[in-house]
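Because the structure is a prediction, the values reported are computed rather than measured.
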Amino acid sequence: VPGPYSYFSGFDVVGVQHLLQKEMASAALVAAAASTLSASESSDVYVALGLLSAAGAAEKSNAAQYRARRTKLRQDAQRFECFSRTRQCALRFVLAGARTRSNAPVLAEAHREAAEHGDMLLINTTEGRFTCSRKYLLWLQQAPALFPSAEYIGIGDDDIYIQLDHFVADLRSIRKDPQASRHIFWG
């Protein structure tokens with residue numbers, strides 16, 4: 001994906017452009033909750049983190065457990081200056097948003113949560129062991145448009161703990177190093 005930003009994730013993003021185009025053709029965005037950042041605030045975002053989550057039951061967790069994870073991450077993020085005050089770090093939860101007969105109630109709840117918090121991206125794919133990579137790819141496709149000033153685009157899961165201020169400081173120190181690579185693998 002071309003752009004002035006660096007990626008860090010659990011896989012190599014080289015060569016995914018063709019996959020992104022293919023996925024975007026078959027799995028367009030269903031809904032993106034309105035951003036809680038104004039245009040001026042979004043221009044200050046240095047790191048945009050997409051945190052993969054789920055609306056409903058998957059192999060080991062249910063809807064309440066996923067919502068509890070997102071709630072905990074929102075609460076924890078408020079303690080960090082780069083998120084709550086300076087808005088240098090933005091978090092977005094990335095969920096499969098394709099409606100099926102079995103997920104309609106939990107998906108409706110996810111849409112209410114998205115409207116309430118403005119930090120969720122619902123994409124047109126279903127949850128499943130072999131479709132999870134779509135969420136990664138679509139986040140990498142959409143993040144630069146959502147956060148044009150972000151120098152770093154990141155991916156994680158909703159069960160992580162990250163010290164956001166320390167994380168942003170580390171990325172800034174790496175950026176200052178003239179020997180550092182433009183692409184960073186972190187974690």
Single-linkage hydrophobic cluster Phe83~Met120, side-chain heavy atoms < 4.5 angstrom: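 Same cluster: Phe83 reaches Met120 through Ile, Leu, Val, Met, Phe, Trp or Tyr contacts under 4.5 Å.
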Among residues at least two apart in sequence or on other chains, which ones pass salt bridge (Lys or Arg N to Asp or Glu O under 4.0 Å) with [X]?
| X | answer |
| --- | --- |
| Asp157 | none |
| Glu81 | Arg85 |
| Arg70 | Glu113 |

Can you confirm whether [X] sits close enough to [Y] that some side-chain heavy atom of one is under 4.5 Å from a side-chain heavy atom of the other?
| X | Y | value |
| --- | --- | --- |
| Leu95 | Ile123 | no |
| Leu138 | Val94 | no |
| Phe93 | Leu121 | no |
| Val47 | Leu171 | yes |

Pick from Ile153, Leu49, Leu52: which one makes a side chain to side chain contact (heavy atoms under 4.5 Å, CB included) with Trp139?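 The passing option is Ile153.
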Interatomic distance, [X] atom [atom1] to [Y] atom [atom2] [nearest 0.5 angstrom]:
| X | Y | atom1 | atom2 | value |
| --- | --- | --- | --- | --- |
| Leu146 | Arg92 | CG | CZ | 7.5 Å |
| Phe147 | Cys89 | CZ | SG | 9.5 Å |
| Leu73 | Ile162 | CG | CD1 | 10.0 Å |
| Gln163 | Asp76 | CD | CG | 10.5 Å |

Shortest non-hydrogen separation from [X] to [Y] and the atoms involved:
| X | Y | result |
| --- | --- | --- |
| Thr86 | Asp44 | O-CB, 4.1 Å |
| Ala96 | Leu107 | O-CD1, 3.9 Å |
| Ala63 | Ala55 | CB-O, 3.4 Å |

Report the residues that fulfil side chain to side chain donor-acceptor pair (under 3.5 Å) with Thr100, sequence neighbours left out, ordered by chain and then residue number.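 Thr100 satisfies side chain to side chain donor-acceptor pair (under 3.5 Å) with Ser102, Asn103 only.
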Asp158: which residues meet the side chain to side chain donor-acceptor pair (under 3.5 Å) condition with it, sequence neighbours left out?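 Checked Asp158 against side chain to side chain donor-acceptor pair (under 3.5 Å); matches are Ser53, Arg69.
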Considering the options Thr125, Asn124, Thr126, which one meets the side-chain hydrogen bond (donor to acceptor under 3.5 Å, both in side chains) requirement together with Arg134?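 Only match with Arg134 under side-chain hydrogen bond (donor to acceptor under 3.5 Å, both in side chains): Thr125.
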Could you check whether Glu127 pairs with Lys135 (Lys NZ or Arg NE/NH1/NH2 to Asp/Glu carboxylate O, under 4.0 Å)?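 Salt bridge: yes.
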Going by side chain to side chain contact (heavy atoms under 4.5 Å, CB included), name the residues that satisfy it together with Arg172, two or more places apart in sequence or in a different chain.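 If we apply the side chain to side chain contact (heavy atoms under 4.5 Å, CB included) test to Arg172, skipping adjacent residues, the hits are Tyr46, Gln88, Val168.
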Apply side chain to side chain contact (heavy atoms under 4.5 Å, CB included) to Thr71 and list each qualifying residue two or more places apart in sequence or on a separate chain.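 Side chain to side chain contact (heavy atoms under 4.5 Å, CB included) check on Thr71 returns Arg67, Arg74, Gln75.
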State which residues pass ring pair (Phe, Tyr, Trp, His ring centres under 6.0 Å) with Phe80; sequence neighbours excluded, sorted by chain then number.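 With neighbours one apart ignored, the set is empty.
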